[in-house]
Amino acid sequence: MLQWSRYTALIYAIGLALGEAAINWGHWQYAPLWIVDYICVAWLLAGFWTTRNGKSNVILISGWSFTAAVFYMAFFINLDPENPARAKPEEMPLVYLIGFMLLLTVLGVITSALAYRKNSTESFV
């Protein structure tokens with residue numbers, strides 16, 4: 001499970017970095033909205049790197065958790081019927097992609113947490 005979580009984090013981070021650059025190229029949105037995505041990228045890459053020996057899962061778990069929280073917000077803000085900036089019908093494929101990425105982050109949290117539990121000699125502190 002740890003290997004799945006690690007390599008999914010690597011692919012996810014690279015895809016997120018490239019996707020964020022492609023979506024925003026030439027008209028970058030409000031900075032905190034894209035900076036947080038690059039924080040996710042850095043955190044997932046750090047998690048991938050630190051778990052190369054099969055230990056130090058906490059960085060990977062926390063990276064997946066932070067990324068899940070970011071995508072949870074992005075997904076549900078786009079579905080909020082009272083939000084005037086809610087996704088327009090032509091933007092719904094992007095919302096579906098965000099939902100898929102949210103699902104992947106939840107799977108990343110679960111698999112890295114299960115791998116941590118299996119190797120429970122590691123401490124969170």
Side-chain angles (χ1 to χ4, degrees):
M1 282 198 205
L2 179 60
Q3 293 305 318
W4 184 91
S5 185
R6 286 186 75 233
Y7 284 100
T8 304
L10 176 64
I11 294 166
Y12 191 101
I14 293 169
L16 179 57
L18 294 174
E20 189 67 32
I23 288 170
N24 289 309
W25 199 260
H27 51 70
W28 290 86
Q29 56 185 314
Y30 183 56
L33 297 177
W34 57 265
I35 289 173
V36 73
D37 288 336
Y38 287 111
I39 292 171
C40 293
V41 167
W43 207 331
L44 290 172
L45 290 175
F48 172 79
W49 179 256
T50 59
T51 55
R52 68 191 178 283
N53 61 2
K55 297 188 186 324
S56 301
N57 295 27
V58 293
I59 295 173
L60 185 61
I61 294 168
S62 61
W64 275 124
S65 299
F66 181 78
T67 306
V70 168
F71 277 85
Y72 175 86
M73 263 183 34
F75 183 69
F76 286 103
I77 283 174
N78 281 299
L79 297 180
D80 181 7
E82 295 182 18
N83 182 2
R86 161 179 153 188
K88 298 168 189 60
E90 63 271 8
E91 296 170 344
M92 287 311 287
L94 181 59
V95 176
Y96 297 141
L97 178 61
I98 292 170
F100 175 71
M101 293 179 77
L102 173 60
L103 177 65
L104 278 178
T105 60
V106 170
L107 290 173
V109 171
I110 292 169
T111 56
S112 57
L114 288 173
Y116 170 81
R117 186 169 184 209
K118 185 177 180 183
N119 185 15
S120 62
T121 59
E122 183 178 345
S123 173
F124 269 116
V125 272

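No experiment lies behind these values; they were computed from the predicted model shown.
Under a hydrophobic clustering in which Ile, Leu, Val, Met, Phe, Trp and Tyr are joined whenever their side-chain heavy atoms come within less than 4.5 Å, directly or via other members, Phe75 and Ile23 fall into the same cluster. Cluster membership check: Ile14 does not share its hydrophobic cluster with Trp49, using side-chain heavy-atom separations under 4.5 Å among Ile, Leu, Val, Met, Phe, Trp and Tyr. Trp64 and Ile11 sit in two unconnected hydrophobic clusters of ILVMFWY residues. Membership requires side-chain heavy atoms under 4.5 Å apart, directly or through other members. Residues Leu114 and Val106 share a hydrophobic cluster, clusters being chains of Ile/Leu/Val/Met/Phe/Trp/Tyr side chains in contact below 4.5 Å.
Every residue two or more places apart in sequence or in another chain that forms a ring pair (Phe, Tyr, Trp, His ring centres under 6.0 Å) with Phe76 is listed here: Tyr72. Every residue meeting the side chain to side chain donor-acceptor pair (under 3.5 Å) condition with Thr51, not counting sequence neighbours, appears here in chain and number order: Arg6. Shown here are the side-chain contact (heavy atoms from CB on, under 4.5 Å) partners of Asn24, two or more places apart in sequence or in another chain: Glu20, Trp28, Gln29, Trp34. Under the side-chain contact (heavy atoms from CB on, under 4.5 Å) criterion, Leu97 pairs with Leu94, Met101, not counting sequence neighbours.
Judged by distance alone, the side chain of Ser5 and the main-chain N or O of Met1 form no donor-acceptor pair under 3.5 Å. Side-chain N or O atoms of Thr105 include one that pairs as donor or acceptor with a backbone N or O of Leu102 at under 3.5 Å.
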For residues 37-48, tabulate all N or O donor-acceptor pairs below 3.5 Å that involve a side-chain atom, not counting sequence neighbours.
{"from": "Tyr38", "atom 1": "OH", "to": "Ala17", "atom 2": "O", "distance (Å)": "3.3"}
{"from": "Tyr38", "atom 1": "OH", "to": "Ala21", "atom 2": "N", "distance (Å)": "3.4"}
{"from": "Trp43", "atom 1": "NE1", "to": "Ser62", "atom 2": "OG", "distance (Å)": "3.0"}

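In plain terms, the two heavy atoms of Val109 and Ala68 that are nearest each other are CG2-CB, 4.5 Å.
With rounding to the nearest 0.5 Å, the separation of CD1 in Ile110 from CZ in Arg117 is 13.0 Å. If you take CE on Met92 and CG on Leu79, they are separated by 5.5 Å, rounding to the nearest 0.5 Å.
Residues Asn57 and Ser112 are not in side-chain contact: their nearest non-hydrogen atoms beyond the backbone lie 4.5 Å or more apart. Residues Leu60 and Tyr116 fail the side-chain proximity criterion, which asks for heavy atoms closer than 4.5 Å.
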